[in-house]
Amino acid sequence: LYALSDNIGCMSPANVKYVLKHNPEISADRVEIAPNSIELVDSHPLTEEERTGILNKYNLPTDKPIFIYGGNLGVPQGIPFLIECLNANKDRKDCHFVVVGGGTYYNRLNNWYQAERPTSVSVLKKLPKDDYDALARACNVGLVFLDYRFEIPNYPSRLLPYLENKMPVIACTDPNCDTGTIAQENNYGIWAPSNNVKAFGLAVDEMLRRDIKSMGQNGYEFLKNNYLVENTYNQIVKHIR
């Protein structure tokens, strides 16, 4: 397929480098960034009353920042490490973690949750899209987790709804992934290696010291400039005009 292709689109700069490194016969001018993208939906900011109503619906606190992890709970996401991180931060008083999703590791996560009954963690089964979107809008920080053993750079699409909802992110990934690097360089997130529980806790501490709202706005602007449908469309269609 590479040999037959006139142009090759990749998710991120790290993906471009990986393709060129492992396929030296490909000319660099044929490989470019054409990332996952979304169509932005205009929505009014939640009022405090609306946010409180949504958080109350899921028995979440209304007086502290909410960190949300939403999506698949499977092998690629490194859920055992996620559980270690939650367990190490299960009694925090300065923030709350909510995990929403389903997958092969959901039962393992839920079993830990039922056994520990952590005061600063909530676990919810996968929600309908509209309900999840509403909950995400009421949260403050998005979490990304990828298994540390990955050798090929991934760029998780779960990042996009976080940025759409003006949430900064903590990206716990393998060192080959550049999700966290890009977030840090553009001041909308913090990276931590996904094999270091202490580093995750320090990333949470750092996020709570930062201006979360300002970082979320930075992420929203980055989304508009890079990850909208028209951006990726124009990147592709320029080759056939």
- Query: Is there side-chain contact between Y2 and V19, with at least one heavy-atom pair below 4.5 Å?
  - Reply: yes
- Task: Please confirm whether the backbone N or O of P80 pairs with a side-chain atom of R108, one donor and one acceptor, at under 3.5 Å?
- Result: no
- Message: When you measure from the side chain of N234 to the backbone of E230, do you find a donor-acceptor pair of N or O atoms at a distance under 3.5 Å?
- Response: yes
- Query: Would you say N218's side chain and Y188's backbone share a donor-acceptor pair under 3.5 angstrom?
  - Reply: no
- Would a distance-only check, ignoring hydrogens and angles, find a side-chain to backbone donor-acceptor pair under 3.5 Å from S12 to T179? no
- What is the distance from atom CG of L135 to atom CG of L60, rounded to the nearest 0.5 Å? 6.5 Å
- Contacts of type side-chain hydrogen bond (donor to acceptor under 3.5 Å, both in side chains), residue N140, not counting sequence neighbours: R51
- Message: Just to verify, what does N176 make a side-chain hydrogen bond (donor to acceptor under 3.5 Å, both in side chains) with, not counting sequence neighbours?
- Response: none
- So which pairs with a foot in residues 119-130 pass salt bridge (charged side-chain N to carboxylate O under 4.0 Å, His left out), sequence neighbours left out? K129-D133
- Heavy-atom donor-acceptor pair, N196 side chain to K198 backbone, under 3.5 Å: yes
- Give a yes or no on whether the backbone of I152 and the side-chain of N154 come within a donor-acceptor separation of less than 3.5 Å. yes
- Query: Between atom OG of S194 and atom CG of L82, what is the distance when rounded to the nearest 0.5 Å?
  - Reply: 11.0 Å
- Quick one: pull up CD1 in I66 and OH in Y58 and give me the separation to the nearest 0.5 Å. 13.5 Å
- Task: Please list all pairs passing the salt bridge (charged side-chain N to carboxylate O under 4.0 Å, His left out) test where one or both residues lie in residues 17-35, with sequence neighbours left out.
- Result: none
- Query: Can you name the residues that form a side-chain hydrogen bond (donor to acceptor under 3.5 Å, both in side chains) with Y132, not counting sequence neighbours?
  - Reply: none
- Does K90 use its side chain to pair, donor to acceptor, with the backbone of V121 at less than 3.5 Å? no
- Note on the structure: Residues passing the side chain to side chain contact (heavy atoms under 4.5 Å, CB included) test with L208, sequence neighbours excluded, are P65, F67, R92, D94, C95, V204
- Task: Check step by step if side chain to side chain donor-acceptor pair (under 3.5 Å) holds for R210 and N187.
- Result: CA-CA 10 Å; R210 304 276 288 275; N187 198 27; 2.6 Å; yes
- Taking atom types as modelled and ignoring hydrogens, do the side chains of T181 and W191 form a donor-acceptor contact shorter than 3.5 angstrom? no
- Message: Closer than 3.5 angstrom, by distance alone: can the side chain of N23 be matched with the main-chain N or O of L20 as a donor-acceptor pair?
- Response: no
- Test side-chain contact (heavy atoms from CB on, under 4.5 Å) applied to M167 and C139, step by step: CA-CA 8 Å; M167 284 188 283; C139 294; 4.0 Å; yes
- Y220: which of N225, L40, L163 passes side-chain contact (heavy atoms from CB on, under 4.5 Å): L40
- Item | Spacing of OG1 belonging to T62 relative to NE2 belonging to H96, to within rounding of 0.5 Å | 11.5 Å
- Task: Assert yes or no for the condition that the ring centre distance of F81 to F200 is strictly below 6.0 Å.
- Result: no
- Message: Nearest 0.5 Å, please: how far is OG in S37 from CG in L160?
- Response: 7.5 Å
- Message: To the closest 0.5 Å, what do you measure between OH (Y162) and CG (L223)?
- Response: 14.0 Å
- Does any donor atom in the side chain of Q77 or D147 lie under 3.5 Å from an acceptor atom in the other side chain? no
- Same apolar cluster: F97 and M215, side chain cutoff 4.5 Å: yes
